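Note that ligands are numbered from 1 as they come in the structure, with each ligand's atoms numbered from 1 the same way. Just so it is clear, the model here is predicted, and its values are computed rather than measured. No hydrogens, no waters, no symmetry mates; every other heavy atom, side chains included, goes into these values.
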Amino acid sequence: MLEAALQPPADPVAAVTHPDPWPYYRQLRETRPLYFDAGLKLWVAGSHAVIAEALHHPALTVRPPGEAVPAALQGTAAGEVFARLVRMTDGAFHAAHKPAVVQAARRWSLADVAGASAAAASDLCPRLPANSLLGWLPVQTMARLLGVLDSRLDATCGQVQAFVQGIAPGAPETAVALASEAAQALMAQGGALGLNAVQAANRIALMQQSLDATAGLLGHTVLMLRRHPALADAADQSLSVMRSFVTEVERHQAPIQNTRRFAAQALLLAGQPLETGQGVLLLLASGNRDAALNPQPDRFDPQRSDGRSLGFGAGAHACPGAAVAIETVAACARRIRAGGQFDQYFGRLAGFRPLGNARIPVFEE
Ligand code: HEM
């Protein structure tokens, strides 16, 4: 790990799992805020200004033109759900359905979320190792909020995991088949509640979107609580202090380090011509450390009054689950710390899951 830390990452995707990507991100945004990476075959945007322009650009879309659903998912039940997710669509369909998703994600009070998260932590901690808890906790919390019966929680969370694994780029055929079975079961759950197909798909999205991103947020919160014991003691005293702590963890560590956009037509980004179909990797994590967005951006300070983050996205695709995610992690962290097993439960940092966009700590078990 130490040797790897001495070498900068090979490219911005490798930065996601690098022990210390921050100097590399700084160098990119200061010297090449938008450049074409020939190895990745992607434009790369590292400064706040370029990332923000891209996130608000009407012709930069979340899917490549002509491939609304990835080829591997076409004609499958998983693909049918994928095609209806607001996360994966743009234009009129997205504009018509996003408001309902936002409303759905805002229907719970913070107390509802904290209660569901604490209940999930009490159920899962005694029976799961730390690395599994990171993923199961946010999904179970969301499933509880959505009214899934206790007796169906494990099956539902397993189906959400199968769906996420099967729609990941490069997933093997067996995983796609399992994702399709899971998609059918989850769509039937929504149907039984009287939801139409778009509503049922985006009900799945609330659980699916919470998975990797919130796993990363919880993992980084654990690491930062350990790194800042005095701040951790203060956060143990009050949920609102822990909430500010988690909010700053999200800005500072950016569990979703990057996201992608594709040029739906020839366009200019930061004055640079992009051809139809070209992709842009938006380094959200780098944008958060841009002094143009946050003064003294490398300083970890949960008391920042004006902290700003690109880590939940911005523009049409901004995350509707930000407040739910922060509350879920804050309540879970407090519950585990109050139980007194925090340090035994989470082992030392062993690295990061091998993913290209989410930076999720792996703990020694
Ligand atoms: C309970 C937890 C969460 C829920 C329910 C949730 C839900 C969603 C949904 C439905 C979208 C799609 C919105 C759209 O495309 O219009 C979205 C987008 C997004 N979410 Fe979340 N999310 C959660 C947690 C998180 C966390 C913890 C992070 C990062 C720290 C995150 C980062 C993002 C980002 C960056 C996007 C935008 C992606 C893009 O535009 O490319 N989310 N989220």
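The backbone and the side chain of Thr214 each have at least one atom closer than 4.0 Å to an atom of ligand 1 (non-hydrogen atoms only). At a 4.0 Å heavy-atom cut-off, ligand 1 touches Glu250 through the side chain alone. Contacts of Arg87 with ligand 1, taken as heavy-atom pairs under 4.0 Å, involve both backbone and side chain. When heavy-atom distances to ligand 1 are checked against a 4.0 Å cut-off, Arg261 comes that close only through its side chain, counted from C-beta outward. At a heavy-atom distance under 4.0 Å, only side-chain atoms of Met142, from C-beta outward, approach ligand 1.
The backbone N or O of His252 lies less than 3.5 Å from a partner atom in the side chain of Arg289, making a donor-acceptor pair. Looking at Ser244, its side chain does come within 3.5 Å of a backbone N or O of Ser240 through a donor-acceptor pair.
Under 4.0 Å is where a charged nitrogen must lie from a carboxylate oxygen, and between Arg63 and Asp90 no such pair does.
Distance from atom 5 (C) of ligand 1 to its nearest protein heavy atom, with residue and atom name: Leu206 O, 3.3 Å. Given atom 33 (C) of ligand 1, the protein heavy atom at minimum distance is Cys319 CB, 3.6 Å. Ser210 CB, 3.5 Å is the protein heavy atom nearest to atom 1 (C) of ligand 1.
In terms of N/O distances under 3.5 Å, ligand 1 is approached by His94.
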With ring-ring contact (aromatic ring centres under 6.0 Å, His included) as the test, would you mind laying out the steps for His94 and His317 before giving the verdict? CA-CA 9 Å; His94 182 266; His317 285 276; 4.1 Å; yes
